[in-house]
Protein chains: 4
Amino acid sequence: MAGNTFGELFQITTFGESHGEAVGVIVDGVTPGVDLCEADVQVQMDRRKPGQSSVTSPRKEYDRVHILSGVFEGKTTGTPLMVMLYNQDMRPEAYSEIQHAFRPGHADYTYLQKYGIRDHRGSGRASGRETAGRVAGGAIARKLLARRGVHVLAYTQELGGIACQSFDEQAIERNAVRACDPEAAVRMIEKVEQLAEAGDSCGGIVECRIRGVAPGLGEPVFDKLDAELAKAMLSIGAVKGIEFGAGFSAAGMLGSEHNDGMCAEGFMTNHAGGILGGISTGQDIVFRIAVKPTSSISVPQRTVNVQGDEQEIRTIGRHDPCICPRIVPVVEAMACLVLEDQYKRQAAMLG
Amino acid sequence: MAGNTFGELFQITTFGESHGEAVGVIVDGVTPGVDLCEADVQVQMDRRKPGQSSVTSPRKEYDRVHILSGVFEGKTTGTPLMVMLYNQDMRPEAYSEIQHAFRPGHADYTYLQKYGIRDHRGSGRASGRETAGRVAGGAIARKLLARRGVHVLAYTQELGGIACQSFDEQAIERNAVRACDPEAAVRMIEKVEQLAEAGDSCGGIVECRIRGVAPGLGEPVFDKLDAELAKAMLSIGAVKGIEFGAGFSAAGMLGSEHNDGMCAEGFMTNHAGGILGGISTGQDIVFRIAVKPTSSISVPQRTVNVQGDEQEIRTIGRHDPCICPRIVPVVEAMACLVLEDQYKRQAAMLG
Amino acid sequence: MAGNTFGELFQITTFGESHGEAVGVIVDGVTPGVDLCEADVQVQMDRRKPGQSSVTSPRKEYDRVHILSGVFEGKTTGTPLMVMLYNQDMRPEAYSEIQHAFRPGHADYTYLQKYGIRDHRGSGRASGRETAGRVAGGAIARKLLARRGVHVLAYTQELGGIACQSFDEQAIERNAVRACDPEAAVRMIEKVEQLAEAGDSCGGIVECRIRGVAPGLGEPVFDKLDAELAKAMLSIGAVKGIEFGAGFSAAGMLGSEHNDGMCAEGFMTNHAGGILGGISTGQDIVFRIAVKPTSSISVPQRTVNVQGDEQEIRTIGRHDPCICPRIVPVVEAMACLVLEDQYKRQAAMLG
Amino acid sequence: MAGNTFGELFQITTFGESHGEAVGVIVDGVTPGVDLCEADVQVQMDRRKPGQSSVTSPRKEYDRVHILSGVFEGKTTGTPLMVMLYNQDMRPEAYSEIQHAFRPGHADYTYLQKYGIRDHRGSGRASGRETAGRVAGGAIARKLLARRGVHVLAYTQELGGIACQSFDEQAIERNAVRACDPEAAVRMIEKVEQLAEAGDSCGGIVECRIRGVAPGLGEPVFDKLDAELAKAMLSIGAVKGIEFGAGFSAAGMLGSEHNDGMCAEGFMTNHAGGILGGISTGQDIVFRIAVKPTSSISVPQRTVNVQGDEQEIRTIGRHDPCICPRIVPVVEAMACLVLEDQYKRQAAMLG
C-alpha cells in the first residue's frame with residue numbers, strides 16, 4: 001500500500017496540504033447500519049482546532065465537517081464514508097520567506113530529498129494540519145467502539161519538565177493543556193506563556209488509557225496490538241517515542257517485580273500495560289508517548305538554504321509553543337483506528 | 001494481511017512453534033541476481049543461538065540453515081526464498097506442568113483468550129524461538145543492504161540497572177552480554193550470574209545505530225520510517241518501548257535545544273535520531289528499545305489455572321536471565337527488513 | 001485492505017454514491033515532479049459523461065474536475081492527489097418507486113443481503129456513477145504511462161450481435177458507439193436506437209489493445225499481469241468475462257498452432273495476447289471483455305419486493321441501451337491503473 | 001505485497017521451483033479449533049499428481065504431505081500452518097538442452113526479461129509444479145468451507161474441440177479427463193492419446209460450480225467476488241480467459257433475456273452466474289475458464305536462443321498433452337481460497 005492509507009479492515013486514506021484547498025479522509029470498512037451524523041465527527045474536530053486558548057496557535061482553522069458519502073438516512077451503509085474539511089484562513093504568502101531555507105526540526109529538507117520537489121506553504125503535507133483527516137476518521141471509529149464498550153482517553157502527563165502528580169479525569173478537558181492534574185496544569189500554562197513570550201517551545205509526555213477492551217485483540221507475530229499502536233503513534237509528527245505499561249522503567253526491574261501475577265479476580269498488577277504476547281489481556285491498555293518541542297520557534301537558528309549557503313532563520317507564524325494539548329485528540333483518534341481495525345481482524349480470525 | 005507476514009515489497013512470512021518440527025521463513029521480493037549462499041544466513045543464526053555462554057540458556061538450538069528455493073547457481077532469482085530450520089532438542093514433555101496454569105508475564109492467558117486453544121509446549125508460537133525465521137530473513141535483507149552501503153548495528157546499552165559509559169564497537173561481540181562498554185559488560189555478566197543463581201531475571205535497554213542510509217527513505221504520512229521501525233521492534237516479544245534520538249528526554253527540552261541546526265557540512269547535531277517528518281535525513285538512525293525482564297523465573301509466583309483456581313508456579317526450564325544479548329541480532333534483523341523494504345518503496349515512488 | 005482501494009503502489013481509493021453530494025478519488029503513490037493539470041483529467045471525464053449522443057443516457061452528469069491536493073505549481077508532489085467531482089442533476093425522488101422492489105439484473109438484492117441496509121437512490125454505490133473516480137484516477141496513470149511510451153486503447157468490438165469487420169483507429173472516437181469499424185458502427189447505432197424505442201437493451205464486447213509496454217511487467221505467481229488485469233476488468237459492473245489473445249478460442253487449438261514461435265525479429269504471432277507466464281512479452285497486450293445488456297429496461301419484468309411479494313417492475317429513468325460506448329474509457333482507466341502499478345512494482349523488484 | 005502471497009485474511013504464501021528441493025505453502029489466518037490432519041490435504045494432493053493415467057505425464061511427483069506447524073493435537077491453533085512437499089524424481093539434467101533457447105508458449109523469455117536470470121530446470125518457478133502449494137492451501141480452505149456448507153466442484157467441460165453434452169457429477173472423477181459427460185470423456189481420451197502420439201497438445205474449457213454460498217459475499221467496488229475469482233483463475237498458468245454465468249454469450253443477448261427475474265421462490269434463472277454487483281446472490285456460482293494447449297510439445301518449432309540466433313526446438317520430457325484434467329483440482333483450490341477469504345472479509349465487515 002502507498003503511505004497515506006492506514007488500517008487493514010477499518011481503513012482510512014487521507015489527503016491534503018496545510019495551505020491547499022482542503023484536507024479530508026475516506027473511511028472504508030465501516031460496519032453498516034450504525035447511527036452516524038456530522039455532529040459525531042464535529043465534536044472531535046472542535047477538540048483539535050487551534051485558537052482555543054492562550055496556549056494554542058491563534059490560526060483560525062474552523063473545520064466544518066461535511067460527510068459526502070457512506071451515510072443514508074442517518075445510518076452507515078457499509079460503503080466508503082468521505083469526510084471533507086475545507087481549509088480556511090490560508091496564508092500561503094506568509095511562508096514565502098521559508099521557500100528556500102530549511103527550517104530546523106521540520107521536514108523541509110527530507111521532503112525535498114525524497115520527492116525532489118516541495119510544497120513549502122506551511123509545511124504542505126508535513127503540517128500538523130494533516131492530522132485533521134485522522135481525527136475525523138478516528139471519530140467514526142470511536143462511535144463504533146462505543147458500541148463495544150471501549151473508551152479511549154488521552155491527556156498531558158508532563159509538559160516542559162512539569163509532571164502531573166495526580167489523576168483527575170474530569171479536569172482534563174477543563175484546562176488548556178489537557179493535563180490530568182489541575183494544579184500541575186496551572187504551572188504548565190505559565191510555562192507555555194513564558195515560552196511564547198520568548199519565542200521558544202517545549203516538549204512533553206502524553207499518556208493514553210484505554211478501557212473496556214476485550215481480551216484477545218492483536219494479531220501475532222507481526223501485527224501485535226502494541227506493534228500496531230506503536231506504528232500509529234510514531235506516524236504522528238513530533239512523536240519521538242512510546243512505552244507500554246512500565247515501559248523503559250521495566251529495563252531496571254527484576255522479573256519477579258515486573259511479572260503481573262494472577263489471582264481469582266484476575267491480574268494483580270498491570271506492568272504489562274494491558275498487552276501480553278501482543279494480545280490484549282482485558283485490563284486497561286496504558287501507554288505514553290514522548291512529544292518533542294514544537295519545531296517552529298522565533299528564536300534565531302542556524303540553517304542552510306537549498307543552495308547549501310548558511311543563513312540564520314526565525315520561524316515566524318502562528319504556532320503552538322507546546323503541541324501536547326492538541327496532540328491529545330490525535331492520539332485518541334489513532335488509538336481508536338487501531339482498535340476498531342483489530343476488532344474486525346479478530347472477527348475475521350474467528351469467522 | 002494475516003499477522004505472520006511483514007513488509008510490503010521485501011516481505012517475510014514466518015511459521016513454526018517452539019517445540020514443533022521446524023521453524024522457518026519465506027522471503028519474497030528479493031532482488032534477483034545477487035550472490036547468496038547458506039553461510040550468509042548461517043552466520044546470523046549462529047549469533048542468535050542459545051548456549052553461547054554462561055549468560056544464555058543452555059538449550060541446544062543448533063540452527064542449520066537450509067535454503068530450499070529462490071537461489072540458482074549461487075544467485076537469487078527473484079522468486080521466493082525459503083529458509084528451513086528444523087527444531088532440535090525438543091522436550092515437549094518438560095512443559096506438561098504448565099499445561100493448565102498461566103505463567104505470569106507469558107502469553108499463555110492471552111493466546112487462550114484469543115484462539116480458544118493453546119499449544120502449551122514451550123510457549124508454542126509465542127516463544128522466542130519464533131524469531132529464528134526473522135533472523136534468517138533479516139540476514140538476506142542485510143546482504144542486500146550491504147550493496148547499498150547500509151550497516152546495522154545493535155548492542156546492549158543497559159542491563160539490570162548497569163548502563164554503558166563508553167562506546168567500543170569492537171567490544172560488542174566479544175562480551176557475553178553484547179554491551180558496547182567492556183567494563184560495564186563485566187559487571188553486567190556478574191549481575192546475570194547472580195540472577196541465574198537466584199532464579200530471577202532482569203531487563204535492559206538495547207540501542208541500534210544504522211549507518212549509511214540514504215536521505216529520503218520513509219513513506220509519509222502513515223508508513224513513516226520511524227513508524228515502521230517502531231512496529232517492527234514492538235513486534236518482538238519482551239520489547240516494551242522505543243525512542244528515537246533524544247527520545248523521551250526530548251519531553252524536557254526546549255525547541256531551541258532540540259532542533260538540529262544545519263551548516264554547510266550538514267546537520268550540526270542529531271537529536272532527531274536521523275529521521276525528520278518520517279523520512280531519513282542521511283544521518284545515523286539511532287533508536288533504543290526497552291526490554292522487559294525475562295518472564296520465565298523459578299522464583300515462586302501467584303497465578304491461576306485454566307479453571308481460575310489460584311496456585312503457585314515456578315517456571316523450570318532453560319532460560320536466559322536477561323534476553324538483551326540474544327535480542328540484539330533480532331533487533332538488527334528487523335531493522336534490516338524495514339530498511340530494505342523502504343529502499344524498494346522509494347524505488348517504486350520514484351519509478 | 002477494504003474493498004474501495006485498488007492497486008499496491010499506485011493506488012486509488014474511491015468514494016461516492018450516484019445521488020449523493022459527490023464522487024471522487026484519492027490517488028496515492030504518484031511519482032513526484034510530473035506536469036499535471038485539471039485539463040489532463042477533464043479530457044477523460046468528458047469522454048465518460050452521458051448525454052453525448054442519441055445512444056447514451058440524457059442524464060446531465062457534467063463532471064467538472066477539481067484537484068484539491070497533491071499538485072503544486074503545476075507539478076505532482078508525491079503526496080496524495082484528490083480529485084473531487086460534485087454530483088449534479090440528482091433526482092433521488094425519481095427512484096422512490098424502486099425503494100421496496102429488487103430490479104432484475106441490479107445489485108439491489110445483494111447489497112441488502114450483504115449490508116442489511118441499502119441506499120436505493122439510483123443504485124447508490126452500485127451505480128455506474130461510481131466509475132467516475134476510476135476514470136479520474138486512470139487519467140493520472142495515463143499521464144505517467146505516456147512518459148514510458150505506453151498507449152492504452154479500447155473500443156467496441158461487437159454490439160447487439162453486430163461484430164466489427166475492420167479496424168480503423170481514427171474512427172473510434174468519431175462514432176457514437178466507439179466501434180473500430182465505422183460501417184458496423186452505423187448498424188450498431190440503428191440497433192441501439194431500436195432498443196431504446198422498445199425499452200430494451202443489449203450487450204457487447206469491448207477490446208483493449210495496449211502498445212509500448214516493456215517486457216518484464218507482472219509479479220508471479222499470484223499477481224501476474226493478466227491476473228491483475230482480469231481483476232480490474234471484472235471489478236467493473238456489467239463485465240461478465242475476459243479473455244487474453246486467442247482466449248476461449250485457444251480451447252480448440254493445438255499446441256503447435258497456439259504457441260507463438262520466435263525469430264530474430266521477435267515473436268512471429270501473438271496468440272498469447274502479449275503475456276507469457278503472467279509477464280509482459282513486449283508485444284501488444286490484447287484482451288476482450290464481455291459486457292452484459294444494461295439491466296435497467298422499461299420492458300416489464302417479474303420480481304419481488306423486500307417482503308418477498310411478487311410484482312411487476314419497469315425501470316424508468318435515463319439509461320444507456322448499451323453500456324459499451326461508455327465503458328470504453330473505464331476499461332482504459334483500469335488498464336492504465338494496473339500498468340502504472342506494475343511498472344512501480346517492477347522498479348521495486350529490481351530496486 | 002510481493003507476488004507470492006494470495007488472499008487478505010485467509011492467506012497463502014507459496015515457494016518452490018520445479019526441480020529444487022521442495023515446494024510448499026504457509027497458510028495464515030486459519031480459524032482456530034478446527035479438526036485437521038495430513039490426510040485432509042493428502043487427498044487433494046493425490047488428485048493433482050501426475051501419472052494417474054494414460055493422459056497425464058508419467059513423471060512421478062508423489063507428494064507426501066508434511067504439516068510442520070499450526071496444528072496441535074489434531075486441531076488448528078490459529079497460527080500459520082506450514083505444508084511441506086519435498087520434490088522427488090527431479091531430473092534437472094534433462095533440461096540442459098533448453099538452457100539457452102526459449103521454448104515457445106513458455107515463460108522462458110519473459111522470466112529472463114523480468115529478472116535478468118532464469119532457473120531453466122523444468123521451468124523453475126513457472127512450472128505447473130508450483131500449483132502443488134496452492135492445492136495444499138486450498139485443501140485447508142475446503143475443510144473450513146465444508147463447515148459453512150459450501151461445496152466447490154470443477155470439471156472438464158470441453159477438450160480438443162469435444163464438448164460435454166450432459167452433466168453426470170458422479171462420472172467426473174471416474175474418467176481420466178475429469179469430464180462431466182462420460183460419453184464425451186471416451187472421445188476426449190482418444191483425442192489426447194492421438195495427440196500424445198503426434199507429440200502435439202490441445203486446450204479445453206473447465207467449468208466450476210460452487211454450491212451453498214451464502215448471499216452477501218464480495219467486497220465492492222474493487223474486491224468484488226467475481227473480480228477476486230477472475231484474478232485467482234488467471235493466476236493459474238495456461239488459463240487465458242474466464243466467464244461468469246452466460247459470460248461471452250451475454251454480449252449477444254437482450255436485457256429482457258439476460259436479467260434474472262425473481263419470484264417468491266427466489267431467482268428464476270441464473271444468467272448472472274450467482275453474482276450481482278460483485279456480491280453472491282445465494283445461487284450456485286458458475287464460471288468457465290479457457291485453458292490453452294500445453295506449451296511443451298515435441299513437434300519441431302521455431303525459436304531463438306539467448307543470443308537471438310534462430311533455431312528449431314522440440315520440447316522433450318514428460319508432459320500432459322492436455323492440462324485440463326490436472327488443472328481441475330487447482331481451479332477448485334483457488335476457488336476455495338477466494339471463498340474462505342471472502343467469508344472472513346464479510347465477518348469483518350459486519351463485525
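A quick note: this is a predicted structure, and the numbers were derived from the prediction, not measured. Quick note on labels: first sequence line is chain A, next is B, and so on, each numbered from 1.
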Side-chain heavy atoms of C/Arg302 within contact of D/Met262, under 4.5 Å: no

In terms of heavy-atom proximity below 4.5 Å to chain D, should C/Tyr111 be classed as side chain, backbone, both, or neither? both

May I ask you to test the D/Ser295-C/Asn259 pair for a side-chain heavy-atom distance under 4.5 Å? yes

Is any side-chain heavy atom of D/Asn4 less than 4.5 Å from a side-chain heavy atom of C/Glu219? no

Which answer fits C/Ser249, side chain, backbone, both or neither, if we ask what part of it has an atom under 4.5 Å from a heavy atom of chain D? neither

Part of C/Phe248 lying under 4.5 Å from any heavy atom of chain D: both

Given that the side chain runs from C-beta out, which part of D/Ala214 has a heavy atom under 4.5 Å from chain C: side chain, backbone, both or neither? neither

Which portion of C/Thr131 sits near chain D, non-hydrogen atoms under 4.5 angstrom: neither

Would a 4.5 Å heavy-atom cut-off, applied to side chains only, mark C/Phe244 and D/Leu234 as touching? yes

Go through D/Gly105, D/Pro104, D/Gly245 and name the one with the most non-hydrogen pairs under 4.5 angstrom from chain C. D/Pro104

Chain D contact via C/Ala198 - side chain, backbone, both or neither, heavy atoms under 4.5 Å: neither

C/Ala126 versus chain D, heavy atoms under 4.5 Å apart: side chain, backbone, both or neither? neither

Which atoms of D/Thr281 are under 4.5 Å from chain C, going by heavy atoms: the side chain, the backbone, both sets, or neither? both

Measuring heavy-atom distances to chain C, does D/Phe6 have an atom under 4.5 Å in its side chain, in its backbone, in both, or in neither? both

D/Ile297, part contacting chain C, at a heavy-atom distance under 4.5 Å: side chain

May I ask you to name which of D/Gly237, D/Ser280, D/Pro220, D/Ala238 has the most heavy-atom pairs under 4.5 Å with chain C? D/Pro220

Which atoms of D/Lys231 come close to chain C, meaning under 4.5 Å heavy atom to heavy atom: side chain ones, backbone ones, both, or neither? both

Using a 4.5 Å cut-off on heavy atoms from C-beta on, say whether the side chain of C/Met1 contacts that of D/Phe222. no

Can you name the nearest heavy-atom pair linking D/Ser235 to C/Ala227, along with the distance? N-CB, 3.8 Å

Salt-bridge test for C/Lys240 and D/Glu243: reply yes if a basic N is under 4.0 Å from a carboxylate O, no otherwise. no

Structural part of C/Ile289 lying under 4.5 Å from a heavy atom of chain D: backbone

Contacts of C/Tyr115 meeting side chain to side chain donor-acceptor pair (under 3.5 Å) (sequence neighbours excluded), chain-then-number -> none

Name the region of C/Leu350, side chain, backbone, both or neither, that has any atom closer than 4.5 Å to a heavy atom of chain D. side chain

For D/Asp260, what residues pass the salt bridge (charged side-chain N to carboxylate O under 4.0 Å, His left out) criterion, not counting sequence neighbours? none

Determine the minimum heavy-atom distance between D/Cys263 and C/Glu310, stating which atoms define it. CB-OE2, 3.1 Å

Side chain, backbone, both or neither of D/Val221 within contact of chain C (heavy atoms, under 4.5 Å): both

